[in-house]
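The structure appears below as structure tokens.
Just so you know, ligand 1 is whichever comes first in the structure, and atom 1 is the first atom listed for that ligand. Because the structure is predicted, anything quoted here is derived from the model rather than measured.
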Amino acid sequence: MRERMVVGNWKMHGSLVGNKSLLDGILTGLAGVDSVHCAVCIPFPYLFQAQFTLQGTELVWGAQNVSQHEKGAYTGEVSAAMLRDMGCSITLVGHSERRALYGEDDAAVAEKFIAAQQGGLIPILCVGETLEEREKNITAEVVERQLQAVVERAGLEGFSRCVIAYEPVWAIGTGKTATPQQAQEVHAYIRALFAEHNSKLGESIMILYGGSVKAANAAELFSMPDIDGGLIGGASLDANEFVSICKAAKRKAA
Ligand code: 13P
């Protein structure tokens, strides 16, 4: 049976004081919540604070982006080894905001995926279609292209050490959540793509849903068979909301 995971993506939000109370609130709320992996992806400058505050706790921390390069003359970039040094175990790769605003194409995303793994991190590979693409009925094609670009460079083997996040761009920060059925349809499609090549991988790969997930809609989304948890933006900035979402990801006893 697949494990469950909920990841908060703080995006460009936070301050030393604010983070402290948010992290303390999450830690308090999560006490006794087992069987769900909970994590926060926070801005680079605060990774030191995360390491200091979260070391020895169950809450995992990571970054929102990583350089595809190992080291060198890449002003402003942060390598996977540096993230490991700060105690990160995960990093987002190919978030739609990186793709749309910073020109990260499929090839760059694939390189980042590989660099993250080589540096000892688990990449959370984000894929998803825009509203225009959904309206053109090419969601499956877009998601397949985004995944294929990484498979070609990292090989299928790379996918045994990663998490996929399906985030329809039209649902991010808009308050418009994909319906559980819409999300399930894409998750099942992604799983089937992997299963075609390797049935074990198809069964085991963890696929999170992201896009306006909140405490009020999390349980319904997470009840779908191919949704293994969530990647949470806005609602991860509120400790109570985030903790409720983590609790909603707990698998119901059969
Ligand atoms: P929201 O939950 O704010 O829609 O953001 C989703 C997201 O982009 C998480 O990576």
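Atoms CE and OG, on M1 and S35 in that order, are 11.0 Å from each other to the nearest 0.5 Å. Expressed to the nearest 0.5 Å, how far CG of L147 lies from CG of L193 amounts to 6.5 Å.
Annotation: Y46 is not in aromatic contact with F52 [ring centroid separation under 6.0 Å not met].
Between E167 and L231, the closest side-chain pair of non-hydrogen atoms falls below 4.5 Å.
Residue K214 places no heavy atom under 4.0 Å from ligand 1. Under a 4.0 Å heavy-atom criterion, G210 is not in contact with ligand 1.
With a 4.0 Å cut-off on non-hydrogen atoms, N9 touches ligand 1 through its side chain and not its backbone. When non-hydrogen atoms are compared, ligand 1 lies under 4.0 Å from the backbone of A171 (N, CA, C, O) but not from its side chain.
Scanning the protein for heavy atoms near atom 9 (C) of ligand 1, the closest one is E167 OE2, 2.9 Å. Scanning the protein heavy atoms around atom 2 (O) of ligand 1, the nearest turns out to be G233 N, 2.9 Å. Given atom 3 (O) of ligand 1, the protein heavy atom at minimum distance is G234 N, 2.8 Å.
Between H69 and Y74, the ring planes lie parallel to each other; the angle is under 30°, not in the 30° to 60° tilted range.
Not one N or O of E97 is nearer than 3.5 Å to an N or O of ligand 1, by distance alone. At a 3.5 angstrom cut-off on N or O pairs, L92 does not count as close to ligand 1.
Counted within 6.0 Å of CD on E185, heavy atoms from surrounding residues, nucleotides or ligands total 12 or fewer; the atom is thus considered open.
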Determine, step by step, whether V7 and V40 satisfy the side chain to side chain contact (heavy atoms under 4.5 Å, CB included) criterion, reporting the C-alpha distance in whole Å, the side-chain angles of both residues, the deciding distance to 0.1 Å, and the verdict.
-> CA-CA 5 Å; V7 181; V40 284; over 6 Å; no

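Those atoms of ligand 1 that come under 4.0 Å of a heavy atom in L231, given as number and element, are 9 (C), 10 (O). Here is the list of ligand 1 atoms found below 4.0 Å of a heavy atom in S212: 1 (P), 2 (O), 4 (O). Shown in contact with G173 at under 4.0 Å from a heavy atom are these atoms of ligand 1, numbered in order with element: 1 (P), 3 (O), 4 (O).
Shown are H37, R191, R4, H187; of these, the side-chain hydrogen bond (donor to acceptor under 3.5 Å, both in side chains) with D228 is made only by R191.
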